[in-house]
There are 2 protein chains.
Amino acid sequence: MQTKYEKIASTIRERIKNGTYPVDSLLPNQTDLVLEFGVSRMTIKKAIEILMMEGLVYSQRGMGTKILDHSFWDKDVSPIKEYDGLSYQMEKQNKKLESSVIKFDVGFPNKEIQKKLLLKAEQPIYQIIRLRILEGKPFVIEHTIMPCDLVPNLTTDILEKSVYTYLKKGLGLQFGGAYRTFQADRAEEHDKKYLECDDSDPILEVQQVIYLKDGTPIEFSKSRNRYDTRSYSILDVDYS
Amino acid sequence: MQTKYEKIASTIRERIKNGTYPVDSLLPNQTDLVLEFGVSRMTIKKAIEILMMEGLVYSQRGMGTKILDHSFWDKDVSPIKEYDGLSYQMEKQNKKLESSVIKFDVGFPNKEIQKKLLLKAEQPIYQIIRLRILEGKPFVIEHTIMPCDLVPNLTTDILEKSVYTYLKKGLGLQFGGAYRTFQADRAEEHDKKYLECDDSDPILEVQQVIYLKDGTPIEFSKSRNRYDTRSYSILDVDYS
DNA sequence: CAGTGGTCTAGACCACCAG
DNA sequence: TGGTGGTCTAGACCACTGG
């Protein structure tokens, strides 16, 4: 939290959550907020914009800024906009996550991976398969591919803890975005073996390419969940 | 296209797509763009912000604004940020979409629906089930619930064409956002009957609540696809 | 260090919605 | 019509990157 508008957004967010600004009422108008916070209106507007992207309020010309009912997705349904990785996400919820490394290899990328990670055929990659175990129960199988040169000195130890922490804290990398697809699939061998499911259990698969701030792709991964253990959620706001 | 920054964003977007600004090169710096377009820098910045949200460029302090490789998701993988409905989406791609109405009823909302659409128990709702048929093949089953008072005079005829067109053009409603969840599921009776699949075929289910601009929920729906007919994709950019 | 984009200001005008 | 938020300006200072 550094900039003025971020601080103001936090303050207002707090007031919404604790009921100072009740659901369905209007926020004080922007000129009043200018007076209260002693900043320019552009700054106030930017703060409100953040809250709008979070789905907490909705502004409309001529009408004001309304506090929306957020209780809906306020619970454990965390949006997917997190590049903290599972470990961190679960830690926040005080849930115990273990990772068991099923495969940890080095190899060369096939055509598909070359295209997705913008690699040449001779650039080596890590090929990783991990089983993530939540509260003692098999939760998800993650197939991960990363270019070796971007992620030096990867070890089994890191894989068993948190790769993201290593990338962020250890290597100082900054994530900039992700491209994801969702599909359903039949269970395959690995799924049946490690997720304790059978042929008829559907699998929810999420594929993602993760990008660094400068646009370099750093990871391609497939996460396969048993159909009854997880769903993903998205809040989509039209800012136009 | 109304505001200056939207026009400028379109111009720059066009230059990126036709190669005037090649992938991996840098955009002219913001002060140069100020001179070219004869606007203030804040306006240029806002234009670039739009392109950043679209994943076309990435800006960084001290470095400039880099054109990213967008060829990846430039094709038919349209982001889900469209409230045009399936009909319109398919029309753009010149694909033929038919809709067959399986159920069209009125009733009262159960507890779950009351909560999701913010309704009282005695507010009537439409209960609709439609089979959407793409290019002659069963594509998706949509279960839709809408409050009657917000959508007057709904007819079978409208359901067979495009509900969204009716809401937008006919009723003048404006969409503001959506909340979606994705999960996999086993095939149930309707799926087997209409999607021509059997017990072992997984289903991809997308649930969504759609909101109007002022935050009023107007629709809850479940879309059930055969696992091999559809996937959804999202581009997720970190703007911090 | 020079050059970049990010933030911020103190105004202004306009488009929209309500009464 | 009065009040709202959306846009836009012409500056300024700062934080960050690269050489």
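Keep in mind the model is a prediction, meaning the values are calculated, not measured. All values below come from the heavy atoms of this structure, side chains included, with hydrogens, waters and symmetry mates left out. Lettering of chains follows the sequences in order, A, B, ..., and the numbering in each one begins at 1.
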Exercise. So, is A:K46 near the phosphate of C:dT7, with a side-chain N or O under 4.0 Å from OP1 or OP2?
Worked result: yes
Seminar exercise, completed: Which of B:E160, B:R132, B:E142 passes side chain to side chain donor-acceptor pair (under 3.5 Å) with B:S99? Answer is B:R132
For this session: Hey, can you tell me if B:F182 and A:F182 have their rings parallel, tilted or perpendicular (30° and 60° cut-offs)?
Result: parallel
Seminar exercise, completed: Between CZ of B:F37 and P of D:dT9 the distance, given in whole Å, is 13 Å
Exercise. Listed in order of residue number, which residues of residues 24-36 of chain A have a non-hydrogen atom at under 4.0 Å from DNA chain C?
Worked result: none
For this session: Tell me, yes or no, whether the heavy-atom count around A:K161 atom NZ, taken from other residues, nucleotides or ligands under 6.0 Å, exceeds 12.
Result: no
Problem set entry | d(CD, A:E49; P, D:dT7) in whole Å | 8 Å
For this session: State whether A:T3 places a side-chain N or O below 4.0 Å from either non-bridging phosphate oxygen (OP1 or OP2) of C:dG6.
Result: no
For this session: Taking only the side-chain nitrogens and oxygens of A:Y5, find out if one of them lies under 4.0 Å from OP1 or OP2 of C:dC8.
Result: no
Problem set entry | Audit row: B:I50, B:E54, side-chain contact (heavy atoms from CB on, under 4.5 Å) steps and yes/no | CA-CA 6 Å; B:I50 291 180; B:E54 292 172 355; 3.7 Å; yes
Problem set entry | Separation of D:dG5 P from A:I48 CD1 (nearest whole Å) | 7 Å
Exercise. Where do B:G55 and B:L68 come nearest, in terms of heavy atoms and distance?
Worked result: O-CD1, 3.8 Å
Exercise. Can you find a side-chain donor-acceptor pair between B:T65 and B:S59 that sits under 3.5 Å?
Worked result: yes
Exercise. Are side-chain N/O atoms of B:E14 and B:T11 paired as donor and acceptor at under 3.5 Å?
Worked result: no
For this session: Take the protein atom CD of B:Q2 and the nucleotide atom C1' of D:dC8, then report the distance between them rounded to whole Å.
Result: 15 Å
For this session: Report yes if at least one side-chain N or O of A:T43 is closer than 4.0 Å to OP1 or OP2 of C:dT7; otherwise report no.
Result: no
For this session: Find the distance A:M42:CE to C:dG11:P and express it as a whole number of Å.
Result: 15 Å
Seminar exercise, completed: A:I67 CD1 to D:dG5 C1', in whole Å, measures 15 Å
Seminar exercise, completed: 5' to 3', nucleotides 13-19 of chain C under a 4.0 Å protein heavy-atom cut-off (B base, S sugar-phosphate only, - none) gives --BBB--
For this session: Would you mind classifying the nucleic acid contact of B:K45 as base, sugar-phosphate or nothing, using non-hydrogen atoms under 4.0 angstrom?
Result: base
Problem set entry | Spacing between B:I44 atom CD1 and C:dT7 atom C1', to the nearest angstrom | 17 Å
Exercise. Taking a pair as Watson-Crick (N1 to N3 plus N6-O4 or O6-N4) or G-U wobble (N1-O2 and O6-N3), both under 3.5 Å, which stems of 3 or more consecutive pairs involve DNA chain C?
Worked result: C:1-18 with D:1-18
Problem set entry | Among B:L27, B:L26, B:D32, the one residue meeting side-chain contact (heavy atoms from CB on, under 4.5 Å) with B:N29 | B:D32
Exercise. Does CG belonging to A:N153 count more than 12 external heavy atoms closer than 6.0 Å?
Worked result: no
For this session: Identify the two heavy atoms, one from A:V140 and one from A:S223, that lie closest to each other, and give their separation to 0.1 Å.
Result: CG2-CB, 3.9 Å
For this session: Could you tell me which non-hydrogen atom of A:P109 sits nearest to which non-hydrogen atom of A:A121, and how far apart they are?
Result: CD-O, 3.5 Å
For this session: Assess whether side-chain contact (heavy atoms from CB on, under 4.5 Å) is satisfied between A:F220 and A:Q207, documenting all intermediate values.
Result: CA-CA 7 Å; A:F220 170 71; A:Q207 292 191 12; 3.6 Å; yes
